[in-house]
J.: 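Before I ask anything, here is the structure I am working with.
Note that the structure is a prediction, hence the values are computed from the model and not measured.
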Amino acid sequence: MTTKLSLTKWTLTLGAGVLLAILLQAADATLMYGARPGSKVTIDGTSTIHDWTVEGAIIGGIFEIDPAFQADKTLKSVACLNTKGKAPIATVSIPVRSLKSKVAVASQRMDEVMQEAMRMKENPKITYALNEMVIKGTVPDSGTPVKFDTKGDLMISGVTNKLEMEVTMERVASPDGEMLKFSGSKVLKMTDFKIQPPAPKLAMGAIKTGDEVTVKFEWVTGQKKDVAPPAK
């Protein structure tokens with residue numbers, strides 16, 4: 001009886017050790033970068049009286065990729081960046097409340113109108129998930145900058161659309177380790193996300209906002225040990 005118990009205990013211990021080794025190996029199988037301070041998103045639009053701009057400084061999320069990405073600056077050995085249909089893991093989020101109007105007068109009221117149009121109470125965040133990221137053109141020997149053709153799912157105001165966009169990645173050296181800066185721009189239509197372009201009424205009539213907006217972003221990430229807390 002004692003022998004059976006000892007054998008069972010040994011088997012359980014061995015199994016736990018193997019499982020732990022597998023989990024540790026899986027954890028080391030990818031290289032993870034997390035959101036860092038220094039990011040920026042800008043939305044430029046038009047109206048019947050003047051152009052307008054909204055800015056935000058919070059872009060949360062993670063970028064997870066094959067460890068070969070760090071060692072092979074040419075990226076030739078990083079399969080997920082050279083084959084369509086595959087992609088590293090990338091998830092991004094922007095709190096709607098962090099977006100602020102850049103006007104000298106009545107900025108708070110403009111923010112309220114924007115938040116209402118974007119149904120912020122029901123959908124407090126803009127989110128993006130990467131589906132495909134393929135190298136575009138040649139990669140410099142230094143490994144930076146690199147252009148990619150990307151595909152992903154963008155959700156705004158609870159509505160998700162497929163998004164194709166050219167993205168530039170730069171490797172940035174820092175005392176805490178390598179950082180990555182992703183940047184790009186895209187013209188979007190509010191109505192594609194079921195957002196009615198705001199038309200606030202004033203004493204001289206209603207201001208009509210154009211449907212198209214240009215979204216520009218710079219997303220700064222650092223290696224996992226330097227990951228910033230998730231955006232609230």
J.: Can you tell me if CD on E112 sees more than 12 non-hydrogen neighbours from other groups inside 6.0 Å?
T.: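 Above 12, so yes.
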J.: Would you give the length of the straight line joining atom CE of M133 to atom CG of L81, rounded to the nearest 0.5 angstrom?
T.: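 The CE atom of M133 sits 6.0 Å away from the CG atom of L81.
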J.: Measure across G143 and V139 and return the closest heavy-atom pair with its distance rounded to 0.1 Å.
T.: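 Taking every non-hydrogen atom into account, CA-CG1, 4.2 Å.
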J.: Do I135 and L31 share a hydrophobic cluster, counting only Ile, Leu, Val, Met, Phe, Trp and Tyr and linking them when any side-chain heavy atoms are less than 4.5 Å apart?
T.: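 As far as the 4.5 Å side-chain criterion goes, L31 and I135 are connected within one cluster.
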J.: For the pair E218 (side chain) and S183 (backbone), establish whether a donor and an acceptor sit closer than 3.5 Å, ignoring hydrogens and angles.
T.: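 Side chain of E218 to backbone of S183, a donor-acceptor pair under 3.5 Å: no, none is there.
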J.: Who passes side chain to side chain contact (heavy atoms under 4.5 Å, CB included) against A87, sequence neighbours left out?
T.: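 Testing A87 for side chain to side chain contact (heavy atoms under 4.5 Å, CB included), a comparison that skips the adjacent residues, returns L130.
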J.: Side-chain donor-acceptor contacts of residues 159-166 below 3.5 Å, not counting sequence neighbours, with atom names and distances?
T.:
from	atom 1	to	atom 2	distance (Å)
N161	ND2	D192	O	2.9
K162	NZ	D153	OD1	2.9
E166	OE1	K136	NZ	2.6

J.: Could you work out, with salt bridge (Lys or Arg N to Asp or Glu O under 4.0 Å) as the rule, every residue matching K84, not counting sequence neighbours?
T.: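 Testing K84 for salt bridge (Lys or Arg N to Asp or Glu O under 4.0 Å), a comparison that skips the adjacent residues, returns none.
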J.: Answer whether the closest heavy-atom distance between the side chains of L75 and V146 falls below 4.5 Å.
T.: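 In short, these two side chains touch, coming nearer than 4.5 Å.
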J.: Restricting to side chain to side chain contact (heavy atoms under 4.5 Å, CB included), what partner residues turn up for A57, sequence neighbours left out?
T.: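 A57 satisfies side chain to side chain contact (heavy atoms under 4.5 Å, CB included) with no residue once adjacent residues are dropped.
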J.: Please answer whether the main-chain N or O of K86 pairs with a side-chain N or O of T83 as donor and acceptor at a distance below 3.5 Å.
T.: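 Absent.
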J.: Side chains of F63 and P88: closer than 4.5 Å at any heavy-atom pair?
T.: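 When only atoms from C-beta onward are counted, P88 and F63 do touch, with a gap below 4.5 Å.
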J.: Would you please name every residue forming a salt bridge (Lys or Arg N to Asp or Glu O under 4.0 Å) with E212, sequence neighbours left out?
T.: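 By the salt bridge (Lys or Arg N to Asp or Glu O under 4.0 Å) rule, E212 matches no residue at all.
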J.: Show me the donor-acceptor pairs, under 3.5 Å and distance only, between side chains in residues 41-51 and residues at least two apart or in other chains.
T.:
from	atom 1	to	atom 2	distance (Å)
D44	OD1	T53	OG1	2.8
S47	OG	I49	N	3.3
S47	OG	H50	N	3.1
S47	OG	H50	O	2.5
T48	OG1	K208	N	3.2

J.: Could you please spell out the steps behind the side chain to side chain contact (heavy atoms under 4.5 Å, CB included) verdict for F217 and V167?
T.: CA-CA 10 Å; F217 71 90; V167 173; 4.2 Å; yes
J.: Report the hydrophobic cluster partners of V113, with the cluster defined as I, L, V, M, F, W, Y residues connected by side-chain heavy atoms closer than 4.5 angstrom, directly or transitively.
T.: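 Traced through the cluster, V113 reaches no other member.
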J.: Quick one: do K194 and R119 satisfy side chain to side chain contact (heavy atoms under 4.5 Å, CB included)? Show the steps, please.
T.: CA-CA 10 Å; K194 297 184 179 180; R119 303 183 291 280; 4.0 Å; yes
J.: Could you pull out all residues at least two apart from T168 that satisfy side chain to side chain donor-acceptor pair (under 3.5 Å)?
T.: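 Testing T168 for side chain to side chain donor-acceptor pair (under 3.5 Å), a comparison that skips the adjacent residues, returns K147.
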J.: Return the minimal non-hydrogen interatomic distance between P198 and M190, and the atom names on each side.
T.: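 That would be CD-SD, 3.9 Å.
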J.: Give every residue pair that meets the ring-ring contact (aromatic ring centres under 6.0 Å, His included) criterion with at least one member in residues 115-171, sequence neighbours excluded.
T.: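 Every candidate ring-ring contact (aromatic ring centres under 6.0 Å, His included) pair involving residues 115-171 fails, so no pair, neighbours aside, qualifies.
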J.: Enumerate the side chain to side chain donor-acceptor pair (under 3.5 Å) contacts for residues 59-77, please, sequence neighbours excluded, ordered by first and then second residue.
T.: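 Qualifying pairs: T30-E64, D72-T74, D72-S77, K73-E178.
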J.: For a 4.5 angstrom cut-off between non-hydrogen side-chain atoms, does T191 reach F193?
T.: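 Sidechains of F193 and T191: no contact.
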J.: Using a 3.5 Å distance criterion without hydrogens, assess whether the side chain of D111 forms a donor-acceptor pair with backbone atoms of K100.
T.: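 Pair absent, no side-chain N/O of D111 close to backbone of K100.
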J.: Please give me the minimum heavy-atom distance between G222 and R36, naming the atom from each residue.
T.: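 Scanning both residues, the minimum pair turns out to be N-CG, 3.2 Å.
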J.: Any non-hydrogen side-chain atom of W52 less than 4.5 Å from a side-chain atom of T209?
T.: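 With C-beta onward as the side chain, the pair touches.
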J.: Hey, are the side chains of C80 and I65 touching, using non-hydrogen atoms and a 4.5 Å cut-off?
T.: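 When only atoms from C-beta onward are counted, I65 and C80 do touch, with a gap below 4.5 Å.
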J.: Looking at residues at least two apart in the chain, or sitting in another chain, which of them share a side chain to side chain contact (heavy atoms under 4.5 Å, CB included) with M118?
T.: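 For M118 the side chain to side chain contact (heavy atoms under 4.5 Å, CB included) partners, ignoring immediate neighbours, are V96, M114, I126, I156, S157, I195.
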J.: Residues sharing V220's hydrophobic cluster, by side-chain heavy-atom contacts under 4.5 Å among ILVMFWY, directly or via others?
T.: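 Members besides V220, by chain and number: V172, M179.
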J.: Taking the cut-offs as 6.0 angstrom to the six-membered ring centre and 45 degrees off its axis, would you call R171 and F69 a cation-pi pair?
T.: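 Ring-cation test returns yes.
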J.: Does T150 form a side chain to side chain contact (heavy atoms under 4.5 Å, CB included) with F182? I'd like the steps, not just the answer.
T.: CA-CA 12 Å; T150 69; F182 299 91; over 6 Å; no
J.: Taking it one step at a time, do L99 and E55 satisfy side chain to side chain contact (heavy atoms under 4.5 Å, CB included)?
T.: CA-CA 5 Å; L99 301 175; E55 290 184 358; over 6 Å; no
J.: I62 versus Y33: any side-chain heavy-atom pair under 4.5 Å?
T.: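 The answer is no, as the side chains (C-beta and beyond) never meet within the 4.5 Å cut-off.
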J.: Under 4.5 Å between side-chain heavy atoms, hopping through other hydrophobics if needed: is there a path connecting M120 to I59?
T.: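 Cluster IDs for M120 and I59 match.
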J.: Can you give me the closest heavy-atom contact between W219 and G61, atom names plus distance?
T.: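 Here W219 and G61 meet closest at CZ2-C, 3.7 Å.
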J.: Please indicate whether K40 has more than 12 foreign heavy atoms, meaning atoms of other residues, nucleotides or ligands, lying under 6.0 Å from its NZ.
T.: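 Open.
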